[in-house]
Amino acid sequence: RYQLSMGDFYVYYTYNEKGQVTQVNQGYWATLVEYNEDGTVAKTTYVFMWEGAPDYSSDYTVTNYTYTDGVLTSYTETKNYSWREPETSEYTLTYNEDGTVAKVTVDNRTYAYEYEDGKLVKETYSYYDPYYEDYVSEYIKEFEYDENGNCVTETQYNAYQNPPVAQSGV
């Protein structure tokens, strides 16, 4: 078990015999991690824990991961609530030839990514509109980097291409 302290805030890491992280505790919240035989993450559970004991609260999230030839191709996220029915979303990932994520599709929404020199330069979010029977762009984010490769500006446009609002210090 490893403890990282940042003032009064503590993060605890628990490892298995293979050196893989099996639990991360942050305050009363924990992420539990299970692995496939090949070492890829099979499942994560994000849960409220009291006194460090795995006492599942009625509100928790379970994510199951699917791989093809060792590459993450999809994951299913189920949010369980004490006050309503669970919500499940299926995420599907597609990749560029260089291995970067080209697109993530979840339910009727799509996030598309463009890169230059290995850095993300554009993200486009679209959703399926049954009225138009097509995907409609909701927003576009563009990223600029300094000479050290640090993202220094994120500019977001809305679907109508209104003048952007730059956010520096990203």
Side-chain angles (χ1 to χ4, degrees), residues 21 24 26-36 38-49 56-170:
V21 173
V24 179
Q26 296 174 310
Y28 293 116
W29 291 93
T31 301
L32 310 174
V33 185
E34 297 176 28
Y35 295 89
N36 295 311
D38 65 359
T40 56
V41 175
K43 175 181 172 182
T44 57
T45 304
Y46 183 68
V47 63
F48 181 79
M49 299 180 75
Y56 288 98
S57 71
S58 49
D59 297 340
Y60 61 96
T61 301
V62 176
T63 306
N64 292 290
Y65 302 89
T66 303
Y67 301 84
T68 301
D69 298 326
V71 176
L72 179 66
T73 53
S74 66
Y75 59 96
T76 303
E77 181 179 81
T78 303
K79 294 180 181 180
N80 297 279
Y81 303 98
S82 58
W83 46 280
R84 64 179 173 146
E85 292 298 312
E87 291 179 0
T88 298
S89 296
E90 174 77 25
Y91 295 76
T92 303
L93 292 82
T94 56
Y95 295 87
N96 296 311
E97 287 183 19
D98 65 359
T100 56
V101 175
K103 182 169 64 171
V104 176
T105 302
V106 55
D107 303 325
N108 289 325
R109 302 180 311 270
T110 298
Y111 300 86
Y113 304 98
E114 296 177 27
Y115 303 85
E116 287 180 15
D117 300 323
K119 293 179 181 57
L120 178 65
V121 294
K122 187 175 185 180
E123 173 188 306
T124 303
Y125 167 70
S126 304
Y127 64 93
Y128 186 79
D129 189 326
Y131 178 78
Y132 294 107
E133 297 181 356
D134 200 1
Y135 280 86
V136 177
S137 178
E138 177 73 16
Y139 71 76
I140 297 170
K141 289 182 184 178
E142 294 178 342
F143 305 90
E144 295 178 18
Y145 299 85
D146 65 16
E147 62 278 355
N148 297 318
N150 300 308
C151 184
V152 293
T153 305
E154 173 185 325
T155 305
Q156 182 169 326
Y157 303 85
N158 66 17
Y160 307 103
Q161 295 296 308
N162 286 342
V165 177
Q167 299 180 13
S168 298
V170 178

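All figures in this text were calculated on a predicted structure; none of them were measured in a lab. The first residue of the sequence shown is numbered 1, and numbering continues consecutively from there.
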Report task. Output, in order, the C-alpha distance, side-chain angles, deciding distance and verdict of side-chain contact (heavy atoms from CB on, under 4.5 Å) for Lys43 and Tyr35. Result -> CA-CA 7 Å; Lys43 175 181 172 182; Tyr35 295 89; over 6 Å; no
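Distance OG1/Thr153 to CD/Glu142: 11.0 Å, rounded to 0.5 Å. Atom CG of Leu32 sits about 9.0 Å away from atom OG1 of Thr44, to the nearest 0.5 Å. Between atom OG1 of residue Thr92 and atom CG of residue Leu72 there is a gap of 10.0 Å, rounded to the nearest 0.5 Å. The CZ atom of Phe143 lies 13.0 Å from the CD atom of Glu116; values are rounded to the nearest 0.5 Å.
For Asp134, there are no side chain to side chain contact (heavy atoms under 4.5 Å, CB included) partners two or more places apart in sequence or in a different chain. For Glu114, the side chain to side chain contact (heavy atoms under 4.5 Å, CB included) partners are Val121, Lys122, not counting sequence neighbours. In this structure Tyr145 satisfies the ring pair (Phe, Tyr, Trp, His ring centres under 6.0 Å) test with no other residue, sequence neighbours excluded. For Thr78, the side chain to side chain contact (heavy atoms under 4.5 Å, CB included) partners at least two apart in sequence or on another chain are Thr76, Asn80, Pro86, Thr88. Partners of Asp129 under the salt bridge (charged side-chain N to carboxylate O under 4.0 Å, His left out) rule, at least two apart in sequence or in another chain, do not exist in this structure. When the ring pair (Phe, Tyr, Trp, His ring centres under 6.0 Å) test is applied to Tyr75, the partners found at least two apart in sequence or on another chain are Tyr65, Tyr91. Not counting sequence neighbours, Thr94 has no partner by the side-chain hydrogen bond (donor to acceptor under 3.5 Å, both in side chains) test. Taking Asp69 as the reference, nothing meets the side chain to side chain contact (heavy atoms under 4.5 Å, CB included) condition, with sequence neighbours excluded. Contacts of Tyr113 classified as ring pair (Phe, Tyr, Trp, His ring centres under 6.0 Å), with partners at least two apart in sequence or in another chain: none. By the salt bridge (charged side-chain N to carboxylate O under 4.0 Å, His left out) test, Glu87 pairs with Arg84, sequence neighbours left out.
Heavy atoms from other residues, nucleotides or ligands lying under 6.0 Å from NZ of Lys141 number more than 12.
The two residues Val21 and Val33 come nearest to each other via the heavy atoms O-CB, 3.5 Å. Across every non-hydrogen atom of Lys119 and Gly149, the tightest pair is CE-CA, 3.4 Å. Scanning both residues, Glu138 and Tyr127, for their nearest heavy atoms gives OE1-CE2, 3.1 Å.
Counting only distance, with no hydrogens or angles, the side chain of Asp146 and the backbone of Asn148 share a donor-acceptor pair below 3.5 Å. Thr73 places a side-chain N or O within 3.5 Å of a backbone atom of Thr66 that can act as its donor or acceptor partner.
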Side-chain donor-acceptor distances from residues 97-111 under 3.5 Å, at least two apart:
| unit_1 | atom_1 | unit_2 | atom_2 | d |
| --- | --- | --- | --- | --- |
| Asp98 | OD1 | Thr100 | N | 3.0 |
| Asp98 | OD1 | Thr100 | OG1 | 2.6 |
| Thr100 | OG1 | Asn96 | ND2 | 2.9 |
| Asp107 | OD2 | Ser89 | OG | 3.2 |

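When side chains are defined from C-beta on, Val41 counts as touching Tyr67, because their heavy atoms get closer than 4.5 Å.
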